[in-house]
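Notes follow once the structure below has been shown.
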Amino acid sequence: NRKTKQSFKSGFVSIVGRPNVGKSTLLNHIVGHKIAIMSNKPQTTRNKITAVHTTEEGQIIFLDTPGIHKPQSKLGNYMVSVAENTLNEVDLVLFVVDATEKRGAGDDYIIERLKQVKTPVFLVINKIDKVHPEALLPIIDDYRKLYDFKQIVPISALEGNNTASLQQAILGEMEEGPMYYPADQVTDHPERFVAAELIREKVLHLTREEVPHSIAVVIEEMKRGENGKTLYIYAAIYVERDSQRGILIGQKGQMLKEIGQRARKDIERLMGDQVFLELWIKVKKDWRNQDRMLRNFGFYD
Ligand code: GDP
Ligand code: MG
Ligand code: K
């Protein structure tokens, strides 16, 4: 019948934007699973996270790129290069901005990068749940002067306003193509990566400003128990200073216990298995600027 012969579309989409504009929230809303790690702190998205959204009409593969900003360390450099390479590889770029924030140097920097690539770009104005509808027009005018966006789509990623139209618009940009991933697959990241990110998310949430982004989580071992059900995870949290180690351990080990419990629950929810999680903390000075360490952490291909 006609319907099954209708062409299937597919393509790759990169989401860029300043920290905290809602990129991960949007990705999670569309895909409907907790894949990208959400946080109100900048730069929690460190690697390319692929999320796959499949419908009868087509398949959209999202790359949640790290932030594009002026790099300040080797890790920062690496993150920017990942983000920039991604822009050239994809079929469409979503440039997400926050309707409640003025356009800033960070947005201008991204626009300058976007001008260097041929990939079409949608401007996605997020958090419209927080502004009056009349406030949108000046924002649209402001951005339209700087770049010839293929489309401009106001949304609320949190409440799901207009996100269905955004998905339709994205599919409209895709060409006929294969189903790259099975329809029930939502991410191609190894379980290890997802587990590490969930642990890192808990650390950032629970320690607030006291522990900077200079932490990394390395899954040292991940194995199934003899019953085939329990997943045993042994993970190290790397910090740069002894004082940070103290904060992460907390009074009588309370902080580390809390991090472990919350992370375990999330990992169990995501993987559907019983999880045994053991965490410990290692101090490694200045790891962000050491190439070899970065390679060990899997930041280089
Ligand atoms: P990212 O750094 O761009 O990935 O931003 P996140 O997705 O981590 O979101 C940053 C913060 O903005 C979180 O606290 C989100 O809950 C919040 N947020 C994201 N989208 C919306 C939205 O549409 N409306 C509102 N009110 N808040 C949002
Ligand atoms: Mg994010
Ligand atoms: K981010």
Side-chain angles (χ1 to χ4, degrees), residues 13-51 53 62-70 75-76 79-80 82-84 86-87 90 93-111 113-114 121-133 135-136 139-140 143 152-167 169-170 186-187 189 193-194 197-209 212-213 215 262 266 270:
V13 176
S14 177
I15 305 178
V16 299
R18 271 160 60 170
N20 290 328
V21 294
K23 300 179 295 296
S24 299
T25 307
L26 173 61
L27 190 67
N28 289 321
H29 178 83
I30 291 177
V31 180
H33 291 256
K34 194 168 187 182
I35 294 168
I37 305 304
M38 276 180 285
S39 160
N40 54 10
K41 293 186 173 58
Q43 288 187 30
T44 46
T45 310
R46 192 176 277 170
N47 288 34
K48 266 201 254 190
I49 298 180
T50 311
H53 181 62
F62 291 96
L63 308 174
D64 187 27
T65 51
I68 305 182
H69 49 77
K70 292 220 170 100
L75 177 57
M79 286 163 59
V80 172
V82 167
E84 293 190 350
T86 305
L87 298 185
V90 296
V93 176
L94 302 182
F95 173 36
V96 184
V97 298
D98 184 334
T100 69
E101 299 264 338
K102 269 214 168 82
R103 175 169 57 82
D107 297 305
D108 293 345
Y109 183 75
I110 293 171
I111 290 169
R113 310 314 315 167
L114 292 176
V121 182
F122 285 1
L123 177 68
V124 176
I125 304 173
N126 190 31
K127 307 196 187 181
I128 58 167
D129 57 291
K130 281 169 89 179
V131 299
H132 193 276
L136 283 176
I139 300 173
I140 292 170
Y143 279 98
I152 298 179
V153 192
I155 64 158
S156 166
L158 199 63
E159 302 195 342
N161 302 335
N162 215 31
T163 49
S165 327
L166 176 60
Q167 284 177 56
I170 294 169
V186 292
T187 177
H189 267 275
F193 175 77
V194 174
E197 282 295 276
L198 288 171
I199 296 165
R200 221 162 63 82
E201 180 192 50
K202 300 302 169 288
V203 173
L204 294 182
H205 276 165
L206 286 167
T207 60
R208 301 176 192 282
E209 306 307 319
H213 291 94
I215 65 152
R262 292 197 190 189
D266 258 21
L270 202 73

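Heads up: numbering here begins at 1 and tracks the sequence. Just follow the structure's listing: the first ligand is 1, and inside any ligand the first atom is 1.
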### Message
Which of the numbered atoms in ligand 1 are under 4.0 angstrom from any heavy atom belonging to Asp129?
### Response
22 (C), 23 (O), 24 (N), 25 (C), 26 (N)
### Query
Nearest to atom 19 (C) of ligand 1 by heavy atom, Leu26, Val96, Val21, Thr25: which?
Thr25
### Ile128 N/O under 3.5 Å from ligand 1 N/O
no
### Query
Nearest 0.5 Å, what's the CG-CD1 distance between Leu26 and Ile155?
4.5 Å
### Message
Please determine whether any non-hydrogen atom of Gly17 lies less than 4.0 Å from an atom of ligand 1.
### Response
no
### Query
Do ligand 1 and Leu158 have nitrogen or oxygen atoms that lie under 3.5 Å from each other?
yes
### Task
Using heavy-atom distances, let me know which of Ala99, Gly22, Ser24 sits nearest atom 4 (O) of ligand 1.
Ser24
### Query
So which bit of Lys127 gets within less than 4.0 Å of ligand 1, heavy atoms only: side chain, backbone, both or neither?
both
### Those residues that, when tested against Asp108, pass salt bridge (charged side-chain N to carboxylate O under 4.0 Å, His left out) (two or more places apart)
Arg103
### Message
Please work out, at 4.0 Å between heavy atoms, whether the side chain, the backbone, both, or neither of Asn126 comes within that distance of ligand 1.
### Response
side chain
### Query
If we ignore angles and hydrogens, is there a donor and acceptor under 3.5 Å between the side chains of Asn28 and Thr25?
no
### N-O pairing of Glu101 and Arg18 below 4.0 Å
yes
## Note on the structure
For Ile125 and Ile139 the tightest heavy-atom approach is CD1-CG2, 4.0 Å
### Query
Which heavy atom in Leu87 sits nearest to a heavy atom in Val90, and how many Å separate them?
O-CG2, 3.5 Å
